[in-house]
Visitor: 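My questions will all concern the structure given below.
These numbers come from the heavy atoms of this one structure, side chains and all, not from hydrogens, waters or symmetry mates.
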Amino acid sequence: MTKLSLLGSILIILSVFMIGFINQSFKVDKFKKEGTEGKARIIKKYKKETSKRWGNPTINTTSGRYSYIRKSDYYYDVILFKYDEEAQQKQSKFKLPKILTLKETLTTTIPVDKSIYDKYEVGEEIEIVYLKDNSVISKEMLKSLLYINPLTGIIITIIMFVSGVLLIILKK
């Protein structure tokens, strides 16, 4: 295998990984464009730990050839108060005093990373971004996610893939 073929293979593999990154960017983009910022009160915080055995099961010794992979996921149960935006717009149109009209409350679970989990306690408010379909994410978590403009990501991925294929085909 020549160096150009190797480089072409690497570009193709990277372009496949870019697909997952672009998928995440589409989700982040939707929250940034269509999301409504608000505050939610934390009513419960918990972590879910999973443990998976890792090792060679065919070896039967008393010393044990296993180790365990532990994964911790952190969550907040939050309550979000959604206010009626149309009623607020009508109030401002008629110069009425601003009275928040409660439309609905939503209780949901949001995943957070460890730093956010340690930062807030039950009863505190956290800034969130929510969509009309009741998808919710913490504003800090949204900022921490890797993001590239999805269209730019698609273009880069196509260029990487085509370049990789061309390097493999034109190796001679």
Side-chain angles (χ1 to χ4, degrees), residues 13-55 57 64-158 160:
I13 292 169
L14 287 176
S15 66
V16 171
F17 286 126
M18 281 289 290
I19 294 170
F21 182 61
I22 291 169
N23 184 34
Q24 175 177 309
S25 292
F26 271 113
K27 292 176 184 177
V28 170
D29 197 47
K30 186 174 183 180
F31 272 101
K32 286 186 175 188
K33 288 182 179 175
E34 301 173 16
T36 305
E37 292 184 12
K39 291 192 181 244
R41 185 167 309 276
I42 300 168
I43 54 177
K44 182 181 174 186
K45 66 187 257 186
Y46 58 94
K47 72 178 176 178
K48 180 180 172 189
E49 291 186 344
T50 54
S51 181
K52 185 176 177 184
R53 191 166 71 173
W54 179 81
R65 298 262 183 185
Y66 295 105
S67 64
Y68 289 88
I69 298 173
R70 289 188 175 81
K71 182 181 178 210
S72 298
D73 295 316
Y74 301 92
Y75 299 96
Y76 286 150
D77 283 347
V78 296
I79 187 165
L80 166 69
F81 299 98
K82 289 187 177 181
Y83 295 99
D84 192 348
E85 294 174 15
E86 290 179 18
Q88 290 176 0
Q89 289 173 355
K90 288 177 186 175
Q91 290 171 5
S92 63
K93 185 177 179 182
F94 296 109
K95 305 285 186 207
L96 296 172
K98 192 169 187 176
I99 301 170
L100 295 177
T101 308
L102 186 62
K103 186 175 184 179
E104 66 177 302
T105 60
L106 171 69
T107 305
T108 188
T109 301
I110 58 172
V112 294
D113 61 19
K114 183 167 177 22
S115 64
I116 297 171
Y117 180 83
D118 293 338
K119 186 175 180 180
Y120 296 98
E121 295 299 325
V122 174
E124 292 182 334
E125 286 188 347
I126 185 170
E127 291 183 357
I128 51 100
V129 179
Y130 63 91
L131 298 173
K132 293 185 190 230
D133 67 355
N134 292 337
S135 300
V136 180
I137 190 170
S138 118
K139 191 173 179 183
E140 289 179 57
M141 190 78 165
L142 185 62
K143 287 180 184 176
S144 71
L145 294 174
L146 295 176
Y147 173 76
I148 185 173
N149 183 316
L151 183 60
T152 305
I154 290 170
I155 291 169
I156 290 170
T157 303
I158 291 171
M160 285 171 51

Visitor: What distance do Lys114 atom NZ and Lys47 atom NZ have between them, rounded to the nearest 0.5 Å?
Guide: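 Nearest 0.5 Å value for the NZ-NZ distance: 6.0 Å.
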Visitor: Would a distance-only check, ignoring hydrogens and angles, find a side-chain to backbone donor-acceptor pair under 3.5 Å from Arg41 to Glu125?
Guide: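 Such a contact is absent between Arg41 side chain and Glu125 backbone.
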Visitor: Which value, rounded to the nearest 0.5 Å, describes the distance between Lys48 atom NZ and Ser72 atom OG?
Guide: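 Nearest 0.5 Å value for the NZ-OG distance: 11.5 Å.
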Visitor: Give the minimum heavy-atom separation between Gly153 and Met18, together with the two atoms involved.
Guide: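 That would be O-CE, 4.1 Å.
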Visitor: Are any of the side-chain heavy atoms of Thr109 and Tyr46 separated by less than 4.5 Å?
Guide: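 With C-beta onward as the side chain, the pair touches.
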Visitor: Working to the nearest 0.5 angstrom, can you tell me the gap between Leu14 CG and Ile19 CD1?
Guide: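 Nearest 0.5 Å value for the CG-CD1 distance: 11.5 Å.
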Visitor: Taking side chain as C-beta onward, heavy atoms only, is Ile154 less than 4.5 Å from Phe26?
Guide: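 With C-beta onward as the side chain, the pair touches.
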Visitor: To the nearest 0.5 Å, what is the distance between OG1 on Thr50 and CG on Asp73?
Guide: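 Output value for this atom pair is 6.0 Å.
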Visitor: When you look at CZ of Phe17, are more than 12 heavy atoms from neighbouring residues, nucleotides or ligands closer to it than 6.0 Å?
Guide: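 Incorrect, the count does not exceed 12.
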Visitor: Strictly distance-based, threshold 3.5 Å: is any side-chain N or O of Ser25 a donor or acceptor partner for the main-chain N or O of Ile148?
Guide: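 Yes; at least one donor-acceptor contact below 3.5 Å.
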Visitor: Considering all heavy atoms of both residues, which atom of Ile43 and which atom of Thr107 are nearest to each other, and what is their separation?
Guide: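 Closest approach of Ile43 to Thr107: CD1-CG2, 3.7 Å.
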Visitor: CD1 of Ile126 to CD1 of Ile116: how many Å apart, nearest 0.5 Å?
Guide: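 These two atoms lie 6.0 Å from each other.
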Visitor: Are Lys139 and Glu37 ion-paired here, with the side-chain N under 4.0 Å from a carboxylate O?
Guide: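 The answer is yes: the pair qualifies as a salt bridge.
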Visitor: Checking Lys45 side chain against Tyr120 main chain: does a donor-acceptor pair fall under 3.5 Å?
Guide: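 Pair found, side chain donor or acceptor close to backbone of Tyr120.
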Visitor: Find out whether Tyr117 and Tyr76 are in side-chain contact, i.e. whether some heavy atom of one side chain is under 4.5 Å from a heavy atom of the other.
Guide: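 They are in side-chain contact.
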Visitor: Starting at CD1 of Ile158, measure out to OG of Ser15 and round the result to the nearest 0.5 Å.
Guide: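 Here the rounded value is 10.0 Å.
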Visitor: List the atom of Val112, the atom of Ser138, and the distance in Å for their closest heavy-atom pair.
Guide: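 In terms of heavy atoms, the two residues are closest at CG1-CB, 4.4 Å.
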Visitor: For a 4.5 angstrom cut-off between non-hydrogen side-chain atoms, does Met141 reach Asp113?
Guide: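 Result yes, sub-4.5 Å side-chain heavy-atom pair found.
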Visitor: Tell me which one of Thr108, Leu142, Ile137, Leu80 satisfies side chain to side chain contact (heavy atoms under 4.5 Å, CB included) with Ile128.
Guide: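 Single pass found, and it is Leu80.
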Visitor: Between Pro150 and Ile22, which heavy-atom pair has the shortest distance, and what is it?
Guide: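 Pro150 and Ile22 have their closest heavy atoms at O-CG2, 4.3 Å.
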